[in-house]
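Just so you know, these numbers come straight off a predicted model, no measurement behind them. Reminder, nothing fancy here: chain letters follow the sequence lines and each chain counts from 1.
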Protein chains: 2
Amino acid sequence: MLQKNACLLVIGNEILSGRTQDANTRVLARALNAQGIRLLEVRVIPDIEDHIIRTVTECRERFDVIFTCGGIGPTHDDITAECIAKAMGVPLLRHEPTFQKLETIMGKEKFNAARQRMAMLPEGATPIENAISAAPGFSIGNVHVMAGVPSIFAAMVDSLVPQMEKGPPLTSVSWHAAGLKEGDFADDLRRLQEQFPGIDLGSYPYGLTNGTTGTALVAKGYDASAVKSAGSLLHDLIMAHGREPISGDPPHKA
Amino acid sequence: MLQKNACLLVIGNEILSGRTQDANTRVLARALNAQGIRLLEVRVIPDIEDHIIRTVTECRERFDVIFTCGGIGPTHDDITAECIAKAMGVPLLRHEPTFQKLETIMGKEKFNAARQRMAMLPEGATPIENAISAAPGFSIGNVHVMAGVPSIFAAMVDSLVPQMEKGPPLTSVSWHAAGLKEGDFADDLRRLQEQFPGIDLGSYPYGLTNGTTGTALVAKGYDASAVKSAGSLLHDLIMAHGREPISGDPPHKA
């Protein structure tokens with residue numbers, strides 16, 4: 001079973017200007033982990049047509065699956081759908097079921113020209129349903145176009161990702177200990193990493209709100225028995241440094 | 001005065017796995033805004049040598065200035081400095097002042113092989129000083145390599161960005177109003193945008209913790225008098241929709 005990789009394009013000037021904090025990467029990353037798909041890159045790009053088209057074109061060549069968020073609302077800077085159509089070389093057409101649905105929800109009077117634009121989808125697109133809004137997300141080929149608003153993005157991820165083909169399940173083992181410093185055991189960890197080339201070993205310093213600092217050690221990979229072996233050696237490494245290993249992640253992260 | 005653009009590379013599996021939330025984009029974006037430099041793209045990439053080298057090489061061609069964060073600690077997955085050296089075709093050498101500084105701070109006994117690696121910088125690199133740690137950030141050409149830990153990243157941004165050449169100052173005017181919905185005035189806003197092609201007009205729906213929802217309208221650009229004119233038309237647009245325009249941004253963002 002081959003693992004697929006994915007890329008997320010976060011489209012919007014408001015992230016790049018520092019106005020808004022991206023909250024969608026984490027939600028997608030976790031849903032993909034559960035599905036056995038690896039999020040391998042995220043790009044945050046501005047509402048500029050050339051920039052979006054070039055990025056979509058490049059990323060479709062490099063990654064198995066592309067997700068986007070942002071730019072599907074009614075305003076002039078919501079240009080994601082038309083950029084996707086151009087990048088894929090298909091026309092932008094009025095998607096009749098989406099048009100009807102939006103008109104019903106908003107009422108004829110409020111369904112003005114700006115809002116009608118939201119029903120223009122690339123030819124061949126399939127809407128992504130979501131439980132909480134009528135926002136017109138859609139899938140076309142390996143590209144999945146979603147809303148930028150975090151609650152709607154999360155609802156679209158919930159309806160889309162669990163339907164995708166499952167990859168091999170990722171397993172992980174975590175141990176952490178107070179007082180441990182990355183640099184104290186980095187040489188040992190490097191040797192351990194050489195011993196388990198197929199497993200990702202990571203170390204993450206943390207600081208708790210009560211002032212305790214320490215480091216978490218994590219083994220992660222697709223070979224469950226190798227992850228288990230590496231995890232028990234991480235436990236022993238913490239013991240060897242005179243600390244008490246605690247199973248799992250620390251309650252708060254730095 | 002030409003405006004320079006910038007790209008941030010966030011290097012680290014822990015963001016892509018959903019373990020850690022990026023906090024550095026916003027800090028850099030705001031510092032660059034103040035300096036008149038535009039953050040035009042952010043890429044989050046994994047701790048994989050080929051991926052880092054390819055990304056650095058591409059982005060150096062496309063953007064005026066590159067910032068990186070992450071991967072400069074003592075562990076085996078901290079490979080940013082060696083990847084930058086490879087991307088730029090220079091050797092990685094022991095940087096004597098950095099070596100001495102780290103040894104003094106950590107003490108000879110704790111300054112083990114893993115920590116000594118932190119003093120290996122690309123030939124020609126200049127350290128980025130920061131007020132709160134000895135973490136070995138450095139600049140080489142148009143590439144600025146910084147720590148991933150948010151407090152250290154922010155300290156490095158503070159010491160580096162205000163020293164960079166200033167671009168034209170960005171000015172902005174914001175108005176917001178409760179009860180306003182993006183789709184209600186998107187057609188008017190589009191016409192306004194056509195009238196001010198050099199100014200960025202944006203609309204940002206918000207929800208306050210007390211349950212109030214509304215939209216903020218923002219005019220932003222480098223021509224201060226055009227921004228002012230566009231801003232006063234945004235004010236009038238809100239009035240025309242029967243809402244009370246309030247100056248500035250809403251207190252909380254959705």
Side-chain angles (χ1 to χ4, degrees), chain A residues 8 10 13-23 25-30 32-33 38-46 48 51 55 73-78 106 110 112-115 117-118 149-150 182-187 189-190 193-194 200-205 218 220 249 253-254, chain B residues 8 10 13-23 25-30 32-33 38-46 48 51 55 73-78 106 110 112-115 117-118 149-150 182-187 189-190 193-194 200-205 218 220 249 253-254:
Chain A
L8 170 64
V10 179
N13 294 339
E14 67 274 22
I15 311 276
L16 292 167
S17 71
R19 180 186 177 87
T20 306
Q21 166 77 52
D22 163 60
T25 296
R26 196 170 192 171
V27 167
L28 180 65
R30 291 177 173 191
L32 290 177
N33 289 345
R38 181 169 183 184
L39 182 62
L40 200 54
E41 183 162 322
V42 177
R43 295 194 191 183
V44 187
I45 59 174
I48 297 174
H51 204 129
T55 302
T75 59
H76 61 279
D77 54 356
D78 289 311
M106 293 176 183
K110 291 206 151 188
N112 55 22
R115 285 178 166 134
R117 271 184 71 239
M118 294 169 71
V149 175
E182 275 196 301
D184 291 339
F185 55 84
D187 289 325
L189 201 61
R190 173 182 296 268
Q193 179 67 78
E194 282 161 9
D200 264 343
L201 299 185
S203 68
Y204 304 98
V218 181
K220 196 184 287 180
D249 286 325
K253 278 152 220 144
Chain B
L8 169 64
V10 179
N13 293 340
E14 67 275 24
I15 311 276
L16 292 167
S17 70
R19 181 186 177 87
T20 306
Q21 166 76 52
D22 163 60
T25 296
R26 195 168 192 173
V27 167
L28 180 65
R30 291 177 171 191
L32 291 176
N33 289 346
R38 180 169 185 186
L39 182 61
L40 200 54
E41 183 163 321
V42 177
R43 296 194 191 184
V44 188
I45 58 175
I48 297 174
H51 204 128
T55 303
T75 58
H76 62 279
D77 54 358
D78 289 310
M106 292 177 186
K110 289 205 151 187
N112 54 23
R115 285 177 167 135
R117 270 183 73 238
M118 295 169 71
V149 176
E182 275 196 301
D184 291 339
F185 55 84
D187 289 326
L189 201 62
R190 173 183 296 268
Q193 179 66 78
E194 282 161 10
D200 262 345
L201 299 184
S203 69
Y204 304 99
V218 181
K220 197 184 286 179
D249 286 325
K253 278 153 220 142

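- When the candidates B/Ala23, B/Pro46, B/Ser203, B/Gly73 are compared by the number of heavy-atom contacts under 4.5 Å with chain A, B/Pro46 comes out ahead.
- In terms of modelled atom types and a separation under 3.5 Å, the side chain of B/Gln21 and the main chain of A/Asp22 share a donor-acceptor contact.
- No other option in A/Val218, A/Asp200, A/Val44, A/Leu28 has as many heavy-atom pairs under 4.5 Å with chain B as A/Val44.
- Side-chain atoms of A/Arg26 come within 3.5 Å of backbone atoms of B/Gly18 as a donor-acceptor pair (strictly under, hydrogens ignored).
- Contact of A/Glu41 with chain B is made through backbone and side chain together, with heavy-atom distances under 4.5 Å.
- Contact tally against chain A (heavy-atom pairs below 4.5 Å) for B/Val10, B/Asn112, B/Leu32: the top residue is B/Asn112.
- Ranked by non-hydrogen atom pairs under 4.5 Å with chain B, the options A/Leu39, A/Thr55, A/Leu16 are led by A/Leu16.
- The OH atom of B/Tyr204 lies 8.5 Å from the OG1 atom of A/Thr75; values are rounded to the nearest 0.5 Å.
- Of all the listed residues (B/Arg38, B/Glu14, B/Lys110, B/His51), the one sharing the greatest number of non-hydrogen pairs under 4.5 Å with chain A is B/His51.
- If you measure heavy-atom distances from A/Ile48 to chain B, the contacts under 4.5 Å come from the side chain alone.
- Both the backbone and the side chain of A/Asp187 come within contact range of chain B, with heavy atoms under 4.5 Å apart.
- The residues A/Asp184 and B/Arg115 are annotated as salt-bridged, a charged nitrogen and a carboxylate oxygen being separated by less than 4.0 angstrom.
- For A/Pro74 against B/Ala186, the heavy-atom pair with the smallest separation is O-CB, 3.4 Å.
- The backbone N or O of B/Gly202 lies less than 3.5 Å from no partner atom in the side chain of A/Asp77, so there is not a single donor-acceptor pair.
- B/Thr25 and A/Ile15 make their closest contact through CG2-O, 4.1 Å (heavy atoms, listed as atom of the first residue, atom of the second, distance).
- Using modelled atom types, one finds no donor on one side chain facing an acceptor on the other under 3.5 Å when comparing A/Glu194 with B/His76.
- Counting heavy-atom pairs closer than 4.5 Å to chain A, the top residue among B/Glu182, B/Arg190, B/Arg43, B/Lys220 is B/Arg43.
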